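Take a look at the structure set out below.
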There are 2 protein chains.
Amino acid sequence: MFKRAKQSRVFQDVVEQIQDAILSKKLAPGTRLPAERDLKEMFNTSRGTLREALRVLEQKGLIEIKLGVTGGAIVKRIDTDPIMESLALLIRSGEVSLGHLSEFRIKIESSLVELATERASSDDIQEMERLLAKARQCFDNQDWETFLQTDEAMHTFIGTMTRNPVFQFVQKSIHENIHRYYRDYLPMNHERTLENLNDFEKIIAAMKAKDGAAASAIIADHVRRFHEKMTGKNP
Amino acid sequence: MFKRAKQSRVFQDVVEQIQDAILSKKLAPGTRLPAERDLKEMFNTSRGTLREALRVLEQKGLIEIKLGVTGGAIVKRIDTDPIMESLALLIRSGEVSLGHLSEFRIKIESSLVELATERASSDDIQEMERLLAKARQCFDNQDWETFLQTDEAMHTFIGTMTRNPVFQFVQKSIHENIHRYYRDYLPMNHERTLENLNDFEKIIAAMKAKDGAAASAIIADHVRRFHEKMTGKNP
DNA sequence: TTTTTTTTAATGGTTAAACCATTTAATTGC
DNA sequence: GCAATTAAATGGTTTAACCATTAAAAAAAA
């Protein structure tokens, strides 16, 4: 029913105070906290304990610590990096497999493309075309590493087009982690590259026509082919 | 192109060594690391620096630190708690709104229920019925707090039924964080409670019939009603 | 003997003071 | 003016001691 009341850990109290100040916008991103030697006085603690608190805040992605005379703890804008780092740990530990990830991707990515199509501005579509053109160039140059990067960028950008940060971070997490395997397990080849290019061309066309259902169907098929190859190779 | 080679931070090196040992299963969950005073000798560092490393590992969810004579750093089984903590930070900071979350939920939850229906064992369905019965009891007793808990447990359990940890953690994250708002903004009332009970009754029936499409349609409607009420009240 | 209480020892948590390494700004010398 | 040097502030690290918590061992009581 109840949890223990007080952890008897001073550094936790310091973490909570600074975290609350950041979350309540009392400390804006970019703000520099006082120097360790000053903070330790404010919190009436030792420097070691204060530093443990700063370490935790840094790991949470709330502050960034810089060296040198103008250095110190700077309040960061909260982003999805810590989530992605934790997800990467789950994957590295084997708790989550590539099969799990790509199964999830089949379900989520068609919904995501549909939403992106509804909300796409003409600028968004231009950006997609720019990325596709870049991917084509990589194909011509046989620069598969940059091709993979551009492929990831296209998927991530579709996430951005949803205007919903939840979709954005899910999409970014999934693709960042899938591409890690991708590079390791799948030697790039021309067929796959062409498949990808053709798929994206069709998706952009559907987006221009505001045909969410069509865009959704194309990406579903695109992802399913990928899933089958991956699970076929890594059962 | 390149990142700076060495951070000149000793504790980072300690973090990486221990993290790698855990991820490569050289240190199994439940293993107790040597005492701080021994570890500091092994890494040839000071206790303060070593403790900063342990703090980071603790925050990453890789170890748990206990007090007392049998205490110390114990290797944890990696789970989704750190991801959910980070997501909660994103939400608290305002980077993610309830509208964002529930829009995502509409898209994901029907896929999730469909998958759960495909994979449901008879034990799973029994557990769902047990949870529904508990929810009914809360309704009779007008115990809305426990009702909300049970509602969350049912949604989370549907995630478990997918047998896919990605769906599980997404479902758990979403609902844990939605219910936080739920409690704050929506005074519980009989209509909503009855709606929820009826929805779950239908979903369980569809699961028994292995009718994923039906189960999916019911949950989609269930979530959509919730989304409309929430976005209506929090525009 | 069994139970309760006390003691003990190992562990993490904290403090203090000093020194090292990095970085930028101020100073110096040309 | 410009380059080299110096100085100062900051985080990073070390050391040595003490405090607080916990569970096992020992002692006392029943």
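First the proteins, then the strands, lettered A, B, ... as listed; each starts at 1. These figures come from a predicted structure and were not determined experimentally.
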Nearest-nucleotide pick for B:Arg9, side chain only, options being D:dG12, D:dA23, C:dG12: D:dG12
A:Arg119 CZ: over 12 foreign heavy atoms closer than 6.0 Å: yes
Donor-acceptor pair between A:Lys60 and A:Gln19 side chains, under 3.5 angstrom: yes
Gap between atoms CZ and C1', on B:Arg32 and D:dA23 respectively (whole Å): 11 Å
Atom-to-atom span, CZ of A:Arg51 to P of C:dA17 - whole angstrom: 18 Å
Euclidean distance, atom CG of residue B:Leu50 to atom C1' of C:dT11 [Å, nearest integer]: 13 Å
Pairwise 5' ranking along DNA chain C for A:Arg47 and A:Phe11, keeping only the more 5' one: A:Phe11
Phosphate OP1/OP2 of C:dT15: any A:Thr49 side-chain N/O under 4.0 Å: yes
Partner nucleotide of D:dA30 by Watson-Crick or wobble geometry (both distances under 3.5 Å): C:dT1
5'-most by nearest nucleotide on DNA chain D - A:Val69 or A:Glu58: A:Val69
Row check, A:Phe226 ring normal vs A:Arg105 NZ/CZ: under 6.0 Å, within 45°: yes
Validation row, ring centre A:Phe104 to ring centre B:Phe167 under 6.0 Å: yes
From C:dG13, D:dA23, D:dT14, nucleotide with atom closest to B:Thr70 side chain: D:dA23
Nucleotide nearest B:Ala35 when distance is taken to its side chain, options D:dG12, C:dG12, D:dT13: C:dG12
Side chain B:Arg55 and base C:dG13 donor-acceptor under 3.5 Å: no
